[in-house]
Amino acid sequence: MSLTATDPAEGDLQRATAQALGPDGPLAKADPAFVEREAQQKLAQAVAHTLIRKRTLVAEAGTGVGKTFAYLVPLLLSQQRALISTATKALQDQLFLRDLPRLRDALQLPLRLALLKGRSSYLCQHRLQQARAGAALPDRFAVRQLARIEQWAPATQTGDLAEVEGLDERSPIIALVTSTRDNCLGGECPEFRHCHVMKARREAVAADVVVVNHHLFFADLVLREGGMAELLPTVDAAVFDEAHQLVETGVQFLGKQLSSGQMIDFVRDLLAIGLAQARGLQPWSDVAGSCEQAVRQLRLACAGPLRDLRGMVKLGWGERAARPDFATALDALADRFDAVSAALQELVGHTPDLARLADRAGALASLVRAFATPVQADRVRWIDLGAREVRLVDSPLDIRELLTDQRGSGSKAWIFTSATLGDDPALSWFCAAAALEEADKLRVDSPFDYASQARFWVPDGLPRPNEPTHAEEVGALAGRLAARLNGRTFVLTTTLRVLAPIAQALRDAALAAGRPLDVLVQGSEPRRTLLRRFLARPGSVLVGSQSFWEGIDVPGDALQCVVIDKLPFPPPNDPLVQARSRRLEAQGRDPFNDYFVAEAAVSLKQGAGRLIRHETDRGLLVVCDVRMLRMGYGARLRRALPPMQPIHSEVDALAWLDALALDHV
């Protein structure tokens with residue numbers, strides 16, 4: 001893309017950006033550790049060009065470029081009204097609480113900043129009162145957490161539950177003290193004037209820069225429920241950081257979902273509100289019990305012969321939809337919600353809560369019946385089945401139409417950036433799924449010296465990934481490697497089911513090597529707790545699956561070895577993967593090369609990106625999949641990785657780790 005400035009405003013912004021990020025600029029003066037980076041300047045100039053020209057930019061920036069400052073500095077200097085969306089609430093907090101205030105102060109700009117999250121992040125005062133009065137709490141830990149929230153609630157200014165120290169993000173209490181689109185009473189709520197959600201939305205509308213997350217962005221565009229429908233048309237620029245997660249997040253919200261959890265939440269509210277506000281007017285326990293039984297029957301019909309499930313499995317729609325008991329369960333569930341809605345309609349004048357319950361019952365009945373209709377040609381439908389939950393999903397295959405409509409609805413700059421957006425110059429993996437083929441493209445390589453900082457090894461003596469001993473062999477190898485470093489190792493897996501065998505084999509191998517290690521396994525504790533333990537305890541190894549492949553930043557020598565169990569191809573039996581493959585075949589394309597290998601390349605780059613996070617980091621990347629050496633596509637996947645120096649034997653790998661271990665002596 002050409003960055004020659006023909007507009008005086010563009011030239012002014014580019015010069016101001018270069019100066020701000022330069023060796024004598026305000027950032028360098030504010031922070032002695034700040035250094036000018038050529039790659040960061042290049043990306044920042046492209047962002048400035050995009051902002052002034054109101055164009056669309058897709059930019060891949062390798063680890064160490066400093067992409068956050070590269071887009072924030074020109075964005076703030078332009079003083080354009082902006083929406084910034086990132087992948088997670090944790091990254092939102094980092095932008096809002098750390099990066100944006102730091103830059104605003106250094107650049108001395110009078111900008112108003114706002115943070116906007118989804119409903120489930122904010123305390124609902126009305127729901128808190130209901131929880132105090134009648135919630136059936138599952139255990140003493142939940143009782144303590146509710147007490148902690150009650151103690152915090154009077155003093156909070158934002159209502160953001162992230163402020164509550166020690167509150168597990170998986171806690172069942174959160175659903176009891178937050179609202180949803182279904183149960184919010186809106187203007188009829190007795191606490192409406194003090195609503196934290198509404199306050200956050202008002203602040204967002206008045207701000208110069210608003211930080212949201214991808215989930216909220218899409219949920220609002222689809223449901224018109226979070227204030228974005230009013231906010232987005234008013235901004236001059238929309239920036240999507242961690243854009244590689246954008247498509248899958250958007251697909252979730254463009255689809256329809258019916259979950260047993262959603263229905264059980266309704267049943268719980270029905271019982272609590274009915275007994276509290278209309279006791280004796282309906283047999284509430286019987287009504288709630290019959291609904292819950294109908295939900296259980298649907299899950300049993302979905303499970304069929306499957307028993308003793310661990311984790312979540314995806315089932316193709318045709319596998320269950322053709323079964324008579326599945327159709328019967330859907331009909332019975334819809335009839336039950338219709339009956340509950342009719343019973344509640346007789347009581348709508350009593351309280352706003354009962355009126356809202358009537359609406360929810362009718363909406364659930366309609367949603368259940370929608371899943372009894374045939375699947376549309378451009379969509380795919382499947383069932384997510386877990387040990388206790390079931391979720392019916394009807395989804396589009398991409399977000400092309402939605403993003404095209406949004407980008408065509410007004411004149412603004414659109415910027416999409418991430419460390420991994422594809423493995424070709426056209427960034428096809430991302431652009432094709434997001435209808436951004438005509439956007440400006442930029443790839444900025446990492447400034448790190450990977451050849452001297454890191455080694456890369458594919459062990460050629462391991463079993464193939466489909467052989468039964470593969471997981472144990474990977475764990476044993478990881479144990480031998482981690483023993484040389486006294487921990488400092490991540491083992492990243494492509495599936496949850498191999499976590500336990502890999503972890504056990506790792507423990508055994510490390511013990512045999514005379515170095516017993518603390519092996520931390522995903523699922524045993526919340527992710528943040530596991531990371532804190534990993535950082536706090538030398539001698540730790542973390543074994544994790546998908547949630548640890550990205551968004552984890554462990555700079556320095558705390559992490560010096562990353563072991564990946566096998567190539568992260570999409571699961572071929574996944575209904576969404578199958579539907580996308582069929583579409584590519586219908587277009588005359590090769591699903592394996594154009595989809596499976598492309599997906600694996602991006603995921604592999606994400607996993608490998610955990611290793612080197614700083615100019616002085618050193619480490620070893622191990623991919624335990626011989627297909628990377630023996631199959632034709634292996635060369636393409638190797639090229640997708642940073643240019644680490646390859647090694648070819650365990651002897652060489654251990655020698656490199658021994659050299660790294662000397663730094664800890």
Side-chain angles (χ1 to χ4, degrees), residues 1 3 5 7-18 20-21 40 42-61 66-87 91-92 95-96 99-100 103-104 107 109-116 203-214 216-218 220-221 227-243 246 250 402-418 421 430 434-436 438-442:
M1 58 182 290
L3 298 181
D7 184 326
E10 181 180 347
D12 290 345
L13 181 57
Q14 289 182 329
R15 283 188 292 273
T17 296
L21 293 169
Q40 187 178 58
K42 183 177 181 180
L43 176 55
Q45 292 299 309
V47 171
H49 171 85
T50 302
L51 290 170
I52 298 299
R53 301 284 186 93
K54 296 289 187 273
R55 295 182 63 83
T56 298
L57 172 67
V58 178
E60 181 181 86
K67 67 177 170 63
T68 303
F69 279 22
Y71 69 74
L72 284 181
V73 167
L75 186 65
L76 298 187
L77 287 172
S78 74
Q79 299 195 48
Q80 295 185 9
R81 191 152 191 261
L83 175 77
I84 302 173
S85 180
T86 191
L91 290 172
Q92 268 188 280
L95 278 170
F96 180 74
D99 297 335
L100 278 165
L103 287 176
R104 178 186 61 183
L107 298 173
L109 296 170
L111 297 173
R112 292 169 297 178
L113 309 176
L115 178 69
L116 185 59
E203 291 175 351
V205 169
D208 301 300
V209 179
V210 184
V211 183
V212 302
N213 60 61
H214 301 341
L216 178 61
F217 176 80
F218 283 111
D220 188 65
L221 289 183
M228 209 79 60
E230 295 76 32
L231 181 63
L232 187 59
T234 69
V235 302
D236 304 302
V239 180
F240 296 87
D241 199 349
E242 300 298 312
L246 198 64
L402 175 67
L403 272 189
T404 299
D405 289 345
Q406 290 301 318
R407 288 174 54 228
S409 63
S411 176
K412 62 171 61 70
W414 295 82
I415 297 162
F416 303 86
T417 185
S418 172
L421 291 174
F430 174 72
L436 294 170
E438 303 304 316
D440 296 330
K441 316 288 194 320
L442 178 67

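In this text the structure is predicted, and so the values were computed from the model without any measurement.
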Novice: side-chain contact (heavy atoms from CB on, under 4.5 Å) with S85: which of F217, F416, F218?
Specialist: F217

Novice: Ignoring hydrogens, what is the shortest heavy-atom contact between L13 and S78? Give both atom names and the distance.
Specialist: CD1-N, 3.8 Å

Novice: Do the charged groups of E242 and K67 touch, with an N to O distance under 4.0 Å?
Specialist: yes

Novice: Give the C-alpha distance, both sets of side-chain angles, the deciding distance and a yes or no for side chain to side chain contact (heavy atoms under 4.5 Å, CB included) between T56 and D440.
Specialist: CA-CA 6 Å; T56 298; D440 296 330; over 6 Å; no

Novice: With heavy-atom distances below 4.5 Å as the criterion, would you say the side chains of L76 and V209 are in contact?
Specialist: yes

Novice: Consider side-chain contact (heavy atoms from CB on, under 4.5 Å). Of V235, L111, D236, which one does D208 pass it with?
Specialist: L111

Novice: W414 vs F240 aromatic rings, parallel, tilted or perpendicular, using cut-offs 30° and 60°?
Specialist: parallel

Novice: Decide side chain to side chain contact (heavy atoms under 4.5 Å, CB included) for V58 and F430; before the verdict, give the C-alpha distance in whole Å, the side-chain angles of both, and the deciding distance to 0.1 Å.
Specialist: CA-CA 9 Å; V58 178; F430 174 72; 3.9 Å; yes

Novice: Where the side chain of K54 meets the backbone of I52, is there a donor-acceptor pair that is under 3.5 Å apart?
Specialist: no

Novice: Working to the nearest 0.5 Å, report the span between CG of L51 and CG of L57.
Specialist: 9.0 Å

Novice: Might you work through the side chain to side chain contact (heavy atoms under 4.5 Å, CB included) test for I84 and V210, ending with a clear yes or no?
Specialist: CA-CA 6 Å; I84 302 173; V210 184; over 6 Å; no

Novice: For H49 and E10, does a side-chain donor sit closer than 3.5 Å to a side-chain acceptor?
Specialist: yes

Novice: Give the minimum heavy-atom separation between A237 and L75, together with the two atoms involved.
Specialist: CB-CD1, 3.9 Å

Novice: Stepwise, does the side chain to side chain contact (heavy atoms under 4.5 Å, CB included) test hold for Q45 with Q40?
Specialist: CA-CA 9 Å; Q45 292 299 309; Q40 187 178 58; over 6 Å; no

Novice: Of all heavy-atom pairs between Q79 and L109, which one has the smallest distance, and what is that distance?
Specialist: NE2-CD2, 4.0 Å

Novice: Do the side chain of R112 and the main chain of E203 share a donor and acceptor less than 3.5 angstrom apart?
Specialist: no

Novice: List the atom of V47, the atom of P74, and the distance in Å for their closest heavy-atom pair.
Specialist: CG1-CG, 3.6 Å

Novice: Could you tell me the separation between the CG atom of L95 and the CG atom of L72, rounded to the nearest 0.5 Å?
Specialist: 6.0 Å

Novice: Atom NE2 of H214 and atom CG of L91: how far apart are they, to the nearest 0.5 Å?
Specialist: 9.0 Å

Novice: Side chains of L442 and K42: does their closest heavy-atom pair fall under 4.5 Å?
Specialist: yes

Novice: Which heavy-atom pair separates L100 from L113 by the least distance, and what is that distance?
Specialist: CB-CD1, 3.7 Å

Novice: Quick check: closest heavy atoms across A204 and L116, and the distance to 0.1 Å?
Specialist: CB-CD2, 4.0 Å

